There are 2 protein chains.
Amino acid sequence: MPNAFIRKLQSFGSLVENDISALQGLTANARNVPARSDLIREGDRPGPMFVVLDGWAQRYKILPNGTRQIVAFLLPGDACDLHVGTLAEMDHSIQTVKAARVATIGSGIMERVMDHHPNIQRAMYRAQLTDEGTLRAWIVSMGRRSSIERVAHLMCELYLRASRIGLVHGEGFELPLSQIALADALGMTPVHVNRVLKDLRTTNAMEVRRGTMIIANPVALAQIAGFDENYLHRRMRQAN
Amino acid sequence: MPNAFIRKLQSFGSLVENDISALQGLTANARNVPARSDLIREGDRPGPMFVVLDGWAQRYKILPNGTRQIVAFLLPGDACDLHVGTLAEMDHSIQTVKAARVATIGSGIMERVMDHHPNIQRAMYRAQLTDEGTLRAWIVSMGRRSSIERVAHLMCELYLRASRIGLVHGEGFELPLSQIALADALGMTPVHVNRVLKDLRTTNAMEVRRGTMIIANPVALAQIAGFDENYLHRRMRQAN
DNA sequence: CGACGAATTGATCTCGGTCAACTTTGGTGG
DNA sequence: CCACCAAAGTTGACCGAGATCAATTCGTCG
């Protein structure tokens with residue numbers, strides 16, 4: 001079975017045998033990385049591109065006042081584009097959340113492969129657009145949603161993404177995020193995240209137990225999140 | 001002189017004569033669009049891709065509760081990628097802010113051109129990555145910056161972007177955004193935007209007069225915004 | 001067992017939102 | 001050229017969602 005990166009790209013456009021073996025070659029050097037290791041740090045010169053084959057990672061930025069903002073979660077199959085030499089230095093860091101398996105693709109190599117494999121090029125471009133959509137959704141959440149809506153929305157997003165890559169088993173999936181991490185992703189304080197989670201738990205919408213998120217009532221959760229009805233149903237159905 | 005779109009792509013990688021004439025052909029059908037016209041609406045099927053050649057546009061989303069979140073500003077040269085058929089329907093709308101000149105590139109046509117022009121492909125990909133960086137910066141602002149920092153940061157961003165495309169004249173540049181629009185971009189209320197602008201005005205950092213933003217003290221503004229010192233200096237210098 | 005990080009809960013505070021009035025600006029038509 | 005109108009800007013009074021501060025409790029791992 002092809003790895004998570006290949007599977008993700010395949011979902012964005014058909015790849016031929018030749019494309020797949022190229023990707024296989026690119027990711028052959030995958031290594032295991034322990035939890036909470038920085039793959040690259042803010043200020044570093046953008047180096048290689050990383051691909052998460054297994055486990056979770058996150059992009060984050062530490063502000064001058066010491067607070068942290070997580071800007072994206074990277075699930076298996078996700079690639080960390082590093083501005084491919086456009087920028088002089090990284091404006092944020094990338095770190096594993098839990099133990100992960102990540103492949104490293106030397107800068108320039110990916111571009112060369114894309115030049116020779118239009119299918120890969122196209123799939124990467126589309127993956128990029130999808131990521132952008134996720135970023136926009138985060139901005140909407142942070143700007144105009146209440147804290148409970150924000151939490152619910154992030155959970156819906158993660159649930160959807162997890163289910164697309166086959167990480168949902170039964171009613172739940174592994175959520176290796178502390179309340180501190182959630183707070184830093186949602187622009188809230190850990191204390192308030194805790195209270196909101198309690199709310200969601202007592203209203204039987206969802207629950208996090210020992211690193212596993214359980215969505216007891218997906219419809220209720222999506223309604224709290226303010227998911228567009230149509231959007232929700234289409235996606236939730238196709239996901240299952 | 002090539003149009004703003006071509007100039008922007010050139011800044012991301014060299015284009016040959018052949019590439020440029022292809023782009024010229026793509027944007028030959030540019031038309032004038034009055035202010036506040038929707039180019040495409042949430043729920044529409046993603047159609048063509050739009051390129052702003054002159055004027056301002058914005059991406060925004062209206063939430064179920066009626067509030068609006070602006071997710072990006074599009075300046076001359078910026079393209080509105082529309083998920084190229086990945087998504088069944090738009091999850092946000094795109095609208096002109098002021099009278100603008102926009103070219104329409106049929107869906108599929110851009111992909112075909114990119115397949116035949118690797119230089120364009122590469123430049124588009126890099127432009128995409130840059131846009132993503134901007135989105136991440138917005139998330140950081142909304143999550144972890146105070147209202148005055150947020151306002152100052154957005155102003156720094158717009159100033160930088162305007163200066164890169166030659167829109168800064170003397171100490172200021174045209175800012176066709178009402179306080180309502182700023183509020184919707186920053187996740188604040190118009191009332192509070194007004195107060196923050198007053199603050200910035202009385203501390204002589206910056207000022208908006210009749211649609212023109214004047215940065216009296218760029219260093220002070222950047223300090224308020226929490227711009228990374230190095231980042232600031234490098235960029236601000238290269239911009240002038 | 002001991003210890004440290006994370007989760008939980010209560011008390012209190014504050015930044016920014018809400019509500020409401022009034023002023024300024026810019027555009028339109030008589 | 002001015003009267004009028006709508007939209008945007010401005011200001012004050014008050015409120016509340018979420019932050020802050022602080023104290024336990026819980027879980028896990030050496």
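Quick caveat: nothing in here was measured; it's all calculated off a predicted structure. First the proteins, then the strands, lettered A, B, ... as listed; each starts at 1. Side chains are part of it too, since the values below use all heavy atoms of this structure and drop only hydrogens, waters and symmetry mates.
Checking D:dG18, D:dG9, D:dA22 against every side-chain atom of A:Val191, the shortest atom distance belongs to D:dA22. Taking the side chain of B:Thr189 as heavy atoms from C-beta on, and the options C:dT8, D:dT10, C:dG17, the nearest nucleotide is C:dG17.
Checking the phosphate oxygens (OP1, OP2) of D:dT10, a side-chain nitrogen or oxygen of B:Asn194 falls inside 4.0 Å. The shortest distance between the side-chain N/O atoms of A:Lys198 and the OP1/OP2 oxygens of C:dT9 is below 4.0 Å.
To the nearest 0.5 Å, the span separating CG on B:Leu167 from CG on B:Leu158 amounts to 11.0 Å.
Residue-to-nucleotide contacts include no donor-acceptor pair under 3.5 Å from the side chain of A:Arg150 to the base of D:dG18. For D:dG9, its base never sits under 3.5 Å from the side chain of B:Arg195 at any donor and acceptor pair.
Nearer to the 5' terminus of DNA chain C, by closest-nucleotide assignment, is the contact made by A:Ile180 (compared with the other of B:Ile148 and A:Ile180).
Listed for the B:Ser93 side chain is a donor-acceptor partner under 3.5 Å among the backbone atoms of B:Glu42.
Between the CZ atom of A:Arg209 and the C1' atom of D:dC26 there is a distance of 16 Å, given to the nearest Å. Taking atom CG on A:Asp184 and atom P on C:dA6, their separation rounds to 11 Å, with Å as the unit.
Fit an axis to the five pairs at each end of the helix from C:dC1-D:dG30 to C:dG30-D:dC1 and the two axes sit 40° apart, to the nearest 10 degrees.
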Below 3.5 Å between N/O atoms, which protein atoms pair up with nucleotides 27-30 of chain D? Just atom names and distances, please.
none

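Proximity of residues 137-147 of chain A to DNA chain D (heavy atom under 4.0 angstrom from any strand atom) is restricted to A:Ser146, A:Ser147.
Here B:Gly211 lies out of heavy-atom contact (under 4.0 Å) with every strand.
Among all heavy-atom pairs drawn from B:Arg161 and B:Leu74, the shortest one is NH2-CA, 4.2 Å.
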